[in-house]
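Computed from a prediction, not measured in an experiment: that's the story for all the values here.
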Amino acid sequence: IIVFFIGDKLIGHKRAARAVHVVSVNKLEADVMRVEMLVDRFIYKPGQYLYLNCPKISENEWHPFTITSAPEENTVTVHIRCRGDWTKDFREKLLAPEEAAARGSMSMVQNPMAAHSEVVKEGKVRASKLKESKGKAAENSLVRVDGPYGSGSEHVFEYEVAILIGAGIGVTPFASIIKSTRLRAENMKSHQAAKRATFAALQPNQIYFYWACRDRQEFNWFSPLLNEAAKTCAVSGPKIEINTYMTGELNLDELTKGDNKNWAGNKWAGRPNWKRILKEIAAKHAGKCIGVFLCGPGAADIDAQVKACNKASKDGTSFEFHKENF
């Protein structure tokens with residue numbers, strides 16, 4: 001056991017030595033911060049997570065965050081809810097250089113790792129620059145990355161039909177999955193028929209997405225991605241049915257105002273009725289094995305309903321439940 005522990009620490013230390021360039025940092029609603037990075041030698045799957053460390057806060061303190069970008073993208077992105085001491089300190093460290101740039105009326109965002117990179121158009125750092133500075137950047141960078149690591153969500157692509165369930169910031173694993181689904185659908189348009197079959201085999205034919213949040217602010221930062229994915233997949237790729245639930249206090253007069261119009265998919269008030277939902281989905285996909293993926297609270301209730309549906313099934317339809325503590 002001690003040998004495995006030491007080996008794991010050595011591998012983690014080696015991974016943390018890779019070069020990381022913070023490309024952009026954005027403050028979103030509901031205390032969420034979006035961090036976009038270029039990470040050397042980083043290969044991952046949709047739904048996986050990584051560990052972040054900020055040496056200026058603590059050399060030995062690492063925190064896990066789900067990757068919200070897709071493997072088909074050139075950069076690695078995480079969305080962080082800044083409500084704890086470490087995440088708040090991390091946000092201050094990342095945003096300080098950008099705020100200074102804004103006060104100086106700079107037309108482009110200053111990279112927090114300016115000592116080891118450069119400010120370029122559209123917030124992109126050249127790959128050659130990353131390679132040139134990877135040794136030095138690893139020693140002095142503001143951010144260190146360890147990973148990626150697997151999670152239950154990465155198995156979504158093993159199912160023909162998948163149900164994705166997120167609560168609040170727990171939606172982040174599915175951001176990567178939906179992005180990857182959208183990008184694969186776009187690739188299908190530009191590839192020959194033989195290659196289209198390959199792309200189609202990598203993703204479910206039908207995705208049912210359920211997202212529950214307390215208020216409209218939590219919806220606003222992720223809804224544009226959902227709308228874009230739904231439009232792309234409507235033309236090519238798998239079908240995506242999107243359902244959003246507001247579980248907190250609801251002002252009905254605000255439903256037709258402002259950003260509420262941009263909420264993706266079917267809009268519900270209250271909590272999902274899983275007994276009804278699973279029964280309806282089972283009727284649509286008779287004889288199929290359906291993957292159910294949850295990131296957030298409520299696992300006991302959903303697990304009970306999944307078991308009840310499997311027990312009552314008479315046509316071979318079954319559900320396999322995967323949960324992730326967040």
Does the gap between the ring centers of [X] and [Y] come in under 6.0 Å?
X: H285; Y: F319; answer: no
X: Y51; Y: Y149; answer: yes
X: F157; Y: Y159; answer: no

Check: [Y] and [X] side chains under 4.5 Å, non-hydrogen atoms:
X: Y210; Y: I277; result: yes
X: L28; Y: M33; result: no
X: L52; Y: M37; result: yes
X: E241; Y: Q206; result: yes
X: L95; Y: K27; result: yes
X: Y49; Y: P173; result: no
X: D146; Y: W62; result: yes
X: N53; Y: V143; result: no

**Item:** Full working for salt bridge (Lys or Arg N to Asp or Glu O under 4.0 Å) between E280 and R276
**Value:** CA-CA 6 Å; E280 291 178 354; R276 172 190 62 80; 3.1 Å; yes
Quick check for you: to the nearest 0.5 Å, what is the distance between [X] atom [atom1] and [Y] atom [atom2]?
X: D31; Y: C82; atom1: CG; atom2: SG; result: 7.0 Å
X: I242; Y: N266; atom1: CD1; atom2: CG; result: 9.0 Å
X: R91; Y: C54; atom1: CZ; atom2: SG; result: 14.0 Å
X: N310; Y: I290; atom1: CG; atom2: CD1; result: 9.0 Å

Looking at every heavy atom in both [X] and [Y], which two are closest together, and how far apart are they?
X: V78; Y: T66; answer: CG1-O, 3.6 Å
X: I165; Y: F174; answer: O-CE1, 3.1 Å
X: P204; Y: V156; answer: CG-O, 3.7 Å
X: I80; Y: F90; answer: CD1-CE2, 3.8 Å

Kindly say whether [Y] contributes a backbone atom to a donor-acceptor pair with the side chain of [X] at under 3.5 angstrom?
X: T87; Y: R83; result: yes
X: T77; Y: S69; result: no
X: T181; Y: I177; result: yes
X: T75; Y: L38; result: no
X: Y44; Y: A70; result: yes
X: Q48; Y: K45; result: yes
X: E61; Y: S58; result: no
X: S180; Y: P46; result: no

### Message
Run the side chain to side chain contact (heavy atoms under 4.5 Å, CB included) test on I67 and L50 for me, step by step, so that the C-alpha distance in whole Å, both residues' side-chain angles and the decisive distance to 0.1 Å come before the verdict.
### Response
CA-CA 7 Å; I67 302 168; L50 52 75; 3.8 Å; yes
Geometric class of the W211/F209 ring pair [parallel <30°, tilted 30-60°, perpendicular >60°]
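Judged by the thresholds at 30° and 60°, the geometry between F209 and W211 is tilted.
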Salt bridge [X]-[Y], side-chain N to carboxylate O under 4.0 Å:
X: E36; Y: R34; answer: yes
X: E92; Y: K88; answer: no
X: E59; Y: R144; answer: yes
X: K307; Y: D303; answer: yes

Trace of the side chain to side chain donor-acceptor pair (under 3.5 Å) decision for N243 with W268:
CA-CA 7 Å; N243 297 273; W268 302 78; 3.2 Å; yes
Item checked: Between H79 and T68: side-chain donor-acceptor atoms closer than 3.5 Å ->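 T68 and H79 do have a side-chain donor-acceptor pair below 3.5 Å.
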Q) Can you list the steps and then say if L94 with V22 is a side chain to side chain contact (heavy atoms under 4.5 Å, CB included)? A) CA-CA 9 Å; L94 288 174; V22 177; 4.3 Å; yes
Start with the C-alpha gap between Y208 and K284, add the side-chain angles, then the distance that decides, and say whether side chain to side chain contact (heavy atoms under 4.5 Å, CB included) holds. CA-CA 12 Å; Y208 296 93; K284 292 178 182 177; 3.6 Å; yes
